[in-house]
Amino acid sequence: MANRLFKKKAFLVLGLIGILVTRRLYFRFANPNLTVTFFDVGQGDSALIQFPYGKTLLIDGGGGWKTNNMGLKILFPELTRLGVLTLDYLLLSHPDNDHARGLLGIAEWFTVKKLWLHHEWSRFPRRPLLEEIVNRFQFKNTKLDWLNQPLTQEISGVELQVIPLRGNPRQRNDQALVAYLRFGKCHILFTGDIEKEAEHELIHLSLGKAHVLKVAHHGSVTSSSWDFLRETKPQWAVVSVGAGNTYGHPRKEILSRYRALGVNLLRTDYHGAVRLTVTPQGKVFCESVMGECGVEYCEP
């Protein structure tokens, strides 16, 4: 009797494990949707794009210091929990500490097939953090692409543009890589820390609407100009920002601009990690650590 009961429990456990594994494999490799996760890395930026049917792109890796590296502290458990052990693409928007230092942890623990960098940063002498990042990924045989011109690539039905901006040459935040994704009716724009001059450079490129916008420079007054917001017309905007940061990000006047335009605004210091799932039909599902945060269709 006891043996029969044990077998039943064993079959039940194995069945549950099988269901969980099948579910994980489906969401990792058979999912037709585009998923974007904005990680809560404190005062920094990091977002994972999971393309339909499994390919991945990580944009930035958060910051920290040698004893508190976001690539290990936050991204390692989050990525492995999602079943991501290899990154097909990695993009560094610009080599400031709060976007770049976490990539040292990524280089240590993950296989990365390709790393996109701005050509302007390739000149010597390079900043010490950037030089360390380059050396670590070269040691791991990651292919480095120093982009001088816009790159357009189709990945599982998603059109990805990686654009090296120059903006104000005296502002290193403007020497940045931005990413623009088109998936069906939905467009998504990642802006790094670009400021007004680089925003106007994007306006002149006539990319069009950004249904989902990663708010530039953590909501600083240097960015999110009225001209840029009227051009991109975001429905959703995500501010990646640290709670109680000393910079006063996001600034009240910037938040008021988004509110005035009726934008669904999310903040990682309040909502925690934010995940947006976009279907091929243009439907956007929003989830955060705080719970569900809405469902909308991408408007033309």
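By convention here, the first residue in the shown sequence is residue 1. In what follows, every heavy atom counts, from backbone to side chain, and hydrogens, waters and symmetry copies are set aside.
Counting heavy atoms from C-beta on, the side chains of Val212 and Cys186 never come closer than 4.5 Å. Between Gln43 and Tyr247 the shortest side-chain heavy-atom distance falls below 4.5 Å.
Of the charged side-chain nitrogens involved, at least one lies within less than 4.0 Å of a carboxylate oxygen, so that Arg81 and Glu78 count as a salt-bridged pair. Electrostatic pairing of Asp60 and Arg101 does not count as a salt bridge here, judged by no charged N lying under 4.0 Å from a carboxylate O.
Between Tyr89 and Trp116, the two ring planes are parallel [angle under 30°; tilted spans 30° to 60°].
Phe190 and Phe38 have their aromatic ring centers within a separation under 6.0 angstrom. Remark: aromatic rings of His99 and His218 are close, center separation under 6.0 Å.
Linking Ile, Leu, Val, Met, Phe, Trp and Tyr residues whenever their side-chain heavy atoms come within less than 4.5 Å places Ile59 and Leu266 in a single cluster.
The environment of CH2 in Trp226 is crowded: more than 12 heavy-atom neighbours from other residues, nucleotides or ligands sit within 6.0 Å. In this structure, Glu253 places its CD atom where more than 12 heavy-atom neighbours from other residues, nucleotides or ligands lie under 6.0 Å away. Taking a 6.0 Å sphere around NZ of Lys185, one finds it holds 12 or fewer heavy atoms contributed by other residues, nucleotides or ligands. Annotation: Lys73, atom NZ; neighbour count of heavy atoms from other residues, nucleotides and ligands within 6.0 Å does not exceed 12. Other residues, nucleotides and ligands contribute over 12 non-hydrogen atoms within 6.0 Å of the NZ atom of Lys140.
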